[in-house]
Amino acid sequence: MDSRIPYDDYPVVFLPAYENPPAWIPPHERVYHPDYNNELTQFLPRIVTLKKPPGAQVIPDSDAHRAGLQEGDQVLAVNDVDFQDIEHSKAVEILKTAREISMRVRFFPYNYHRQKERTVH
């Protein structure tokens, strides 16, 4: 008995377009080269404070955007409540009801996927 799955039953996976890597540059020249960003502080956690009316959304040029939130930010805590293992409904309740929000966030774009139907505002 053949236990292999027919080829047509495998899911289709779309890979991103291939991008050529930058040309090789000797290590001693990379510090000053624009193709090599050695600034790692962008990945450190930071505090963003927002004052908002109820129902405000995070959109470009909004108060949240001007306060420093950006796409790819991972929310670590809100008003001293750990958001790393919080239930979604509890997180939504905290974000919607608070008039002043102090968020501890970090830029972590590696597991960020934009989904229009589930975008958190």
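Counting begins at 1 with the first residue of the sequence. As the structure is a computational prediction, the values presented were derived from the model and not from experiment.
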Contacts of type side-chain contact (heavy atoms from CB on, under 4.5 Å), residue I86, not counting sequence neighbours: V81, F83, K90, A91, I94
Non-hydrogen atoms of R46 and F107 that approach each other most closely: NH1-N, 3.7 Å
Atom pair CZ (R104) and CG (D73), whose distance is rounded to the nearest 0.5 Å: 13.0 Å
Side-chain heavy atoms of L95 within contact of M103, under 4.5 Å: yes
Side chains of L76 and Q74 in contact at under 4.5 Å (non-hydrogen atoms): yes
Flag if over 12 foreign heavy atoms under 6.0 Å of CG, D80: no
CD/E87: more than 12 non-hydrogen atoms of other groups inside 6.0 Å: no
Shared hydrophobic cluster for F108 and F43 (ILVMFWY, side-chain gaps under 4.5 Å): yes
Side-chain (N79) to main-chain (S102) donor-acceptor, under 3.5 angstrom: yes
